[in-house]
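As the structure lists them, so they are numbered: ligands from 1, and atoms in each ligand from 1.
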Amino acid sequence: MATARKTSRPKTVSTSKPVKVALLGFGTVGSSVARVLTASKFRGLELTHIFNRNIARKRASDAAKHIPSSVAWTENFDDILNSRADIVVELMGGLIPAEGWLRKLLAAGKSVVTANKQLIAYRGPSLMRLAAQHNVQLVHGAAVAGGVPVIPGILQGLGGDQITRISGIVNGTCNYILSRMESGADYATVLADAQALGYAEADPSADVDGFDARAKLCILSRIALHAELDPDAVATQTISTIEAIDFAYAKELGCTIRQVSRAQLDKTVVHARVAPMLVPLTSPIAWSHGTQNMVVTSGRFGGDVVFSGHGAGGEPTAVAVVSDILAVAQRSIAVQLPVRRRAVTGEFLAPHYLRFIVDDKPGIVSAISGALTKVGANIDSILQRPGYPKHRLPFVVTTEPCLTSTIEKAVASIAKMDCMLERPLCLQILERDDRQPD
Ligand SMILES: NC(=O)c1ccc[n+]([C@@H]2O[C@H](COP(=O)([O-])OP(=O)(O)OC[C@H]3O[C@@H](n4cnc5c(N)ncnc54)[C@H](OP(=O)(O)O)[C@@H]3O)[C@@H](O)[C@H]2O)c1
């Protein structure tokens, strides 16, 4: 006779009793999640608690008007910890106090849904282990690309493939800025507009310098490439040095410019980078405009798959969060595949775009060409648009594919030339079929 064995499957949320949901954070996404939950009246789901600091202010807000009177509002975290909530949804953001509170909730046997990319990028593996230890679930489908179901799409829809490469646009703020610059606006004006519209923070560094996208790229690498990367080791490059002239040259090369996040598995190393890059107009990555997000995965068996849509905003993100809540309630989370810590390098083999601004004198082109030849990089084309003064002349050199470290060596020596008025701008040119360094 077979003996029944105790398994450690995640706790099933009872189908007979409604699943109780508590919210931590009633801001942009939190209030939208409450709205979607109350408007959709999902059978078997019940919003029971809303937590936020200074709760009276939140309770008096317009966003609170549709919340049923049965919901308990609190500014005391222990009320959530000690509540009978089955699922707690964390939408406060940041590492502190979110991490400590999530640990307590998981240890208390509550499943957690979060959209917190920094927390998941930096602490994901240890939080996942804690969830497994306590037989509960930790789900974060909204942490990358907001309302675009990239994470559940990769986990559930592409779990059967071996994904070797991911690339795309995961920061809507940078995409808004660069796609408006493509139409002729300058960086400072567009950044100010983005701040006025609430797309960019007063300090835009996390977005424009690539740190937000880097956290998301690390989450995607974990899920798609099964590779655990140290976010601080992923190379980033700011978009703030891109000028209108670069879009004009990019157009001549059949390209536009986007902040691209890309990671590619090469045996035991992951090549990863977040940087503005020249993107061919024929690539799907060039098609996203405004705050749209776009992620392309390349699988060994299934080929390329493109995900695109609204990467941010209260309601699109709330849809992803509520879908996670439903998935936890229905226990339909995909099997988590093993993840390995991988070394990360910013090295890619790619053609490059170099833009110089010089005080024009005879011999500059041959000096630049000499510096490139010295490191073994070959020039592919030289472009110079008319109409600029000789004492501040922009021109562009593109190279044949060469290693990032090779081109950086050449740029460092070219930057020291007397005629250079600014540090040269060096961008990778994305190819349809990117090669990896041998
Ligand atoms: N907004 C988006 O489009 C989007 C998209 C994808 C993912 N996300 C992620 O979703 C999360 C929430 O984003 P959001 O845009 O909704 O942020 P938000 O508007 O700033 O909302 C955060 C809420 O949490 C509260 N809060 C923060 N720290 C707290 C603390 N220590 N104690 C008590 N309450 C606290 C805030 O209260 P106060 O009002 O007092 O500050 C605010 O109500 C973040 O992790 C974000 O990265 C957002």
N/O contact list for ligand 1, threshold under 3.5 Å:
| residue | atom | partner | partner atom | Å |
| --- | --- | --- | --- | --- |
| ligand 1 | 3 (O) | G313 | N | 2.7 |
| ligand 1 | 16 (O) | T28 | N | 3.2 |
| ligand 1 | 16 (O) | V29 | N | 2.8 |
| ligand 1 | 19 (O) | T28 | N | 2.9 |
| ligand 1 | 19 (O) | T28 | OG1 | 3.0 |
| ligand 1 | 34 (N) | R53 | N | 3.3 |
| ligand 1 | 37 (O) | N52 | ND2 | 3.0 |
| ligand 1 | 39 (O) | R57 | NH1 | 3.4 |
| ligand 1 | 39 (O) | K58 | NZ | 3.0 |
| ligand 1 | 40 (O) | R53 | NE | 2.9 |
| ligand 1 | 40 (O) | R57 | NH2 | 2.8 |
| ligand 1 | 41 (O) | R53 | NH2 | 2.9 |
| ligand 1 | 43 (O) | G27 | N | 3.3 |
| ligand 1 | 43 (O) | N52 | OD1 | 2.8 |
| ligand 1 | 43 (O) | K58 | NZ | 2.9 |
| ligand 1 | 47 (O) | K117 | NZ | 3.2 |

Partners meeting side-chain contact (heavy atoms from CB on, under 4.5 Å) with I55 (sequence neighbours left out): N52, K58, W73, E75
Residues R392 and E422 bridged, charged N to O under 4.0 Å: yes
Basic-acidic side-chain contact under 4.0 Å: D212, K117: yes
Under-4.0 Å salt bridge between E347 and R273: no
Plane angle bin for F77 and W101 - parallel if under 30°, tilted between 30 and 60°, otherwise perpendicular: parallel
Polar side chain donor-acceptor pair, D232 to Y122, under 3.5 angstrom: yes
